[in-house]
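To start, the structure itself, in structure tokens.
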2 protein chains.
Amino acid sequence: MAHDEQTGVMDVFIARCRANGLKITPQRMAIYRSILGSVDHPSADAVYRKIRTEHPTISFDTVNRTLLKFAEIGVIRTVESHSGVRRFDPDTAPHHHMHCLQCGEIIDFCDRDLDAVPVPEAVLNQFDVFAKRVVISGLCLKCAREGGVKRES
Amino acid sequence: MAHDEQTGVMDVFIARCRANGLKITPQRMAIYRSILGSVDHPSADAVYRKIRTEHPTISFDTVNRTLLKFAEIGVIRTVESHSGVRRFDPDTAPHHHMHCLQCGEIIDFCDRDLDAVPVPEAVLNQFDVFAKRVVISGLCLKCAREGGVKRES
DNA sequence: GTTACTGCAAAGGCTTTGCAGTCTG
DNA sequence: CAGACTGCAAAGCCTTTGCAGTAAC
């Protein structure tokens, strides 16, 4: 990511916070910068452990509360998960998920055709649609090689 | 549901258990029958509370363990969730979800066109696909009426 | 009779809440 | 300076684990 692009992203972030009445603190800047660089879908704990290397005094609670706040104002998202642990997604652009039933990994992928699938009119009538995504469940290559899940087809 | 149809469903269920080496117990029968009648996506606790009215002596642990076992052998599914509480889905046929960001409700809907969306070849090459579903995020009518979420577009 | 399941209890993990001190605007 | 944020600690849920007794096959 080029330096001016990074600056631009942070400017948008700051404007977004201000627009929602959130104060700009060093912790929030660090947390946002950290999660922006994540390609996976980290849990609050994963973000905490990563950020701790640069900001040893930050607390887990601040990280967790901040991530929830960010999700609330829409600068990040929470992703659907089967594991019982909440995970966050810094990518708010439309994209889709492959979800491994064995290891729980969630892998992003993009596809213009899937982006374009129409929302049925019946849904539009009874729901205020913000976003849509295709979620594919199955096994990642690694887990498939290791023998798959215990399941009858 | 007609009586013979109900019987048929239970027969399939029993055969499925036997094929996976699971014993048929009154608890398992009751739990399966209970969740079959659910149109929502109950948590283990919800199933427990519902089943308790008919089987006051059943324990929460049995319900929870049984639901996990059922999901393992594929007679039910777990659904992706944002809330941190695991939820189960008795409907193993392909269908899609509307997910309310405010109240967390997950509403099923069916759509032939969405069932038919093709999985990209790039995904097929790096993933063993079991199922796919379209997940629509937004607000249900009730929550939309109550003012929606705090979020900047 | 053997193997697996149930129910109870305890432990474990993640998330949420309350509060005093501190910092942003 | 006022209101909001941070960090610490404790409490709250939900889920998982171990074990003895019991039931299915």
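Each chain gets a letter, A, B and so on, in the order the sequences are listed, and its residues count up from 1.
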Figure out the [atom1]/[atom2] separation between [X] and [N], and round it to whole Å.
| X | N | atom1 | atom2 | value |
| --- | --- | --- | --- | --- |
| B:I24 | C:dC5 | CD1 | C1' | 12 Å |
| B:R18 | C:dT3 | CZ | P | 19 Å |
| A:I58 | C:dC23 | CD1 | C1' | 14 Å |
| A:L67 | D:dT6 | CG | C1' | 15 Å |

task: Mind telling me whether B:Y32 and B:F13 have parallel, tilted or perpendicular rings, with 30° and 60° as the class edges?
output: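 Because their plane-to-plane angle is under 30°, the rings of B:F13 and B:Y32 count as parallel.
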Tabulate protein N/O versus nucleotide N/O from nucleotides 14-17 of chain C, keeping only pairs under 3.5 Å, one per line.
| residue | atom | partner | partner atom | Å |
| --- | --- | --- | --- | --- |
| C:dT15 | OP1 | A:R86 | N | 3.1 |
| C:dT15 | O3' | A:R86 | NH2 | 3.3 |
| C:dT16 | OP1 | A:R86 | NH2 | 3.0 |
| C:dT16 | OP2 | A:R86 | NH2 | 3.0 |
| C:dT16 | O4 | A:D61 | OD2 | 3.4 |
| C:dT17 | O4 | A:D61 | OD2 | 3.3 |

[X] side chain to [Y] backbone, donor-acceptor under 3.5 Å:
| X | Y | result |
| --- | --- | --- |
| B:T66 | B:T62 | yes |
| B:D89 | B:D91 | yes |
| A:K132 | B:V134 | no |
| B:R77 | B:T92 | yes |

- line: Residue set satisfying salt bridge (charged side-chain N to carboxylate O under 4.0 Å, His left out) with B:D115, at least two apart, ordered chain then number -> none
task: Using five base pairs at each end, measure the axis-to-axis angle across the helix from C:dG1-D:dC25 to C:dG25-D:dC1 and round it to 10 degrees.
output: 50°
- request: Would you please say whether a donor-acceptor pair under 3.5 Å links the side chains of A:H99 and A:S137?
  value: no
Report all side-chain donor-acceptor pairs from residues 104-112 of chain A shorter than 3.5 Å, counting only partners two or more places apart or in another chain.
| residue | atom | partner | partner atom | Å |
| --- | --- | --- | --- | --- |
| A:D108 | OD1 | A:H41 | NE2 | 2.7 |
| A:D108 | OD1 | A:H95 | NE2 | 3.4 |
| A:D108 | OD1 | A:H97 | NE2 | 3.0 |
| A:D111 | OD1 | A:D113 | N | 3.0 |
| A:D111 | OD1 | A:L114 | N | 2.9 |

Extract from the structure each pairing of a protein N or O with an N or O of nucleotides 2-5 of chain D at less than 3.5 Å, listing the distance.
| residue | atom | partner | partner atom | Å |
| --- | --- | --- | --- | --- |
| D:dG3 | N2 | A:K23 | NZ | 3.0 |
| D:dG3 | N3 | A:K23 | NZ | 3.3 |
| D:dA4 | O4' | A:K23 | NZ | 3.2 |
| D:dC5 | OP1 | A:R28 | NH1 | 2.9 |
| D:dC5 | OP1 | A:R28 | NH2 | 3.2 |

field: B:V135: hydrophobic cluster co-members (side-chain, 4.5 Å)
entry: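 B:V135 clusters with A:V135.
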- request: Look at the side-chain heavy atoms of Ile, Leu, Val, Met, Phe, Trp and Tyr, link any pair under 4.5 Å apart, and say whether A:V85 and B:V79 land in one connected group.
  value: no
